[in-house]
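Just so it is clear, the model here is predicted, and its values are computed rather than measured.
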Amino acid sequence: QVQLAESGGGSVQAGGSLRLSCAASGYTVRRYCMGWFRQAPGKEREGVAFIDGAGTTGYAVFAKGRFTISQDSAKNTLYLEMNSLKPEDTAMYYCAADRWRYGCSSASWAGDMDYWGRGTLVTIPS
């Protein structure tokens, strides 16, 4: 049974940093497409950052230059390093993984992923 468990959320001041973690069990990172999504109150879920089986990364426009997605095979964990946080980054952040796609596609960005975590809340007060 695949489980993805996010952690690392919290409340930090604007301009601060957080590192989100997604510990995987029953699933091997660095094999298929994995990504981070977020959903702010009253808004639709959106893709934040992705990493494919080759380690190639992709970022949403709002995340470029501020967020970094990475993986640690030894810990079987996906990370999202977030810097220069803004109030508009306030959202529930979710980790997601594909069970067979090596590369990440537009479908991945649209949320067509097979496994999801329960999320971790990030709050940046204005």
Taking every non-hydrogen atom, the tightest pair across T90 and I124
OG1-N, 2.8 Å

Who passes salt bridge (Lys or Arg N to Asp or Glu O under 4.0 Å) against E88, sequence neighbours left out?
none

Heavy-atom side-chain contact between L20 and M82 under 4.5 Å:
yes

Members sharing W100's hydrophobic cluster, built from side-chain contacts under 4.5 Å between Ile, Leu, Val, Met, Phe, Trp and Tyr, are none

Is there a chain of hydrophobic side chains (I, L, V, M, F, W, Y, each step under 4.5 Å between heavy atoms) that links L80 to Y94?
no

Mark yes or no for whether D114, through its side chain, and R99, through its backbone, hold a donor-acceptor pair below 3.5 Å.
yes

Side-chain heavy-atom pair P125, P87 within 4.5 angstrom cut-off
no

Output the distance between atom CZ (R31) and atom OG (S73), rounded to the nearest 0.5 Å.
10.5 Å

Honestly curious: do V12 and L121 fall in one hydrophobic cluster under the side-chain, below-4.5 Å linking rule?
no

Please determine whether a side-chain nitrogen of the Lys or Arg among E6 and R118 lies less than 4.0 Å from a carboxylate oxygen of the Asp or Glu.
no

Please collect all disulfide bond (SG atoms under 2.5 Å apart) contacts where either partner lies in residues 41-73, sequence neighbours excluded, each pair once.
none

Is it true that S17 and N83 share a donor-acceptor pair across their side chains at a distance under 3.5 Å?
yes

Classify the ring geometry of Y27 against Y115: parallel below 30°, tilted from 30° to 60°, perpendicular beyond 60°.
perpendicular

Please report the closest heavy-atom contact between M92 and G119, naming both atoms and the distance.
SD-C, 3.7 Å

Nearest atoms (heavy-atom pairs only) where R66 meets S84:
NH1-O, 2.9 Å

Can you give each donor-acceptor pair under 3.5 Å made by side-chain atoms of residues 48-64, sequence neighbours left out, with the distance rounded to 0.1 Å?
unit_1	atom_1	unit_2	atom_2	d
D52	OD1	A54	N	2.8
D52	OD1	G55	N	3.0
D52	OD1	T56	N	2.9
Y59	OH	I69	N	2.9

If Ile, Leu, Val, Met, Phe, Trp and Tyr residues are connected whenever their side-chain heavy atoms lie under 4.5 Å apart, and connections chain through other members, are L78 and Y93 in the same group?
yes

Is any side-chain heavy atom of S7 closer than 4.5 Å to one of T120?
no

Y79/Q71 under side chain to side chain contact (heavy atoms under 4.5 Å, CB included): CA gap, chis, key distance, verdict:
CA-CA 6 Å; Y79 299 100; Q71 295 169 326; over 6 Å; no

Apply side chain to side chain contact (heavy atoms under 4.5 Å, CB included) to the pair D112 and R101, showing each step before the final yes or no.
CA-CA 11 Å; D112 185 14; R101 274 188 290 234; 3.2 Å; yes

Does some side-chain heavy atom of T77 sit less than 4.5 Å from a side-chain heavy atom of V29?
no

Would you list the pairs meeting disulfide bond (SG atoms under 2.5 Å apart) in which at least one residue belongs to residues 4-51, sequence neighbours left out?
C22-C95, C33-C104

Would you say F37 and W116 make side-chain contact, with heavy atoms under 4.5 Å?
yes

Tell me, please, which residues at least two apart from R30 pass salt bridge (Lys or Arg N to Asp or Glu O under 4.0 Å).
none

Less than 4.0 angstrom from a charged side-chain N to a carboxylate O is my criterion; do R38 and D89 meet it?
yes

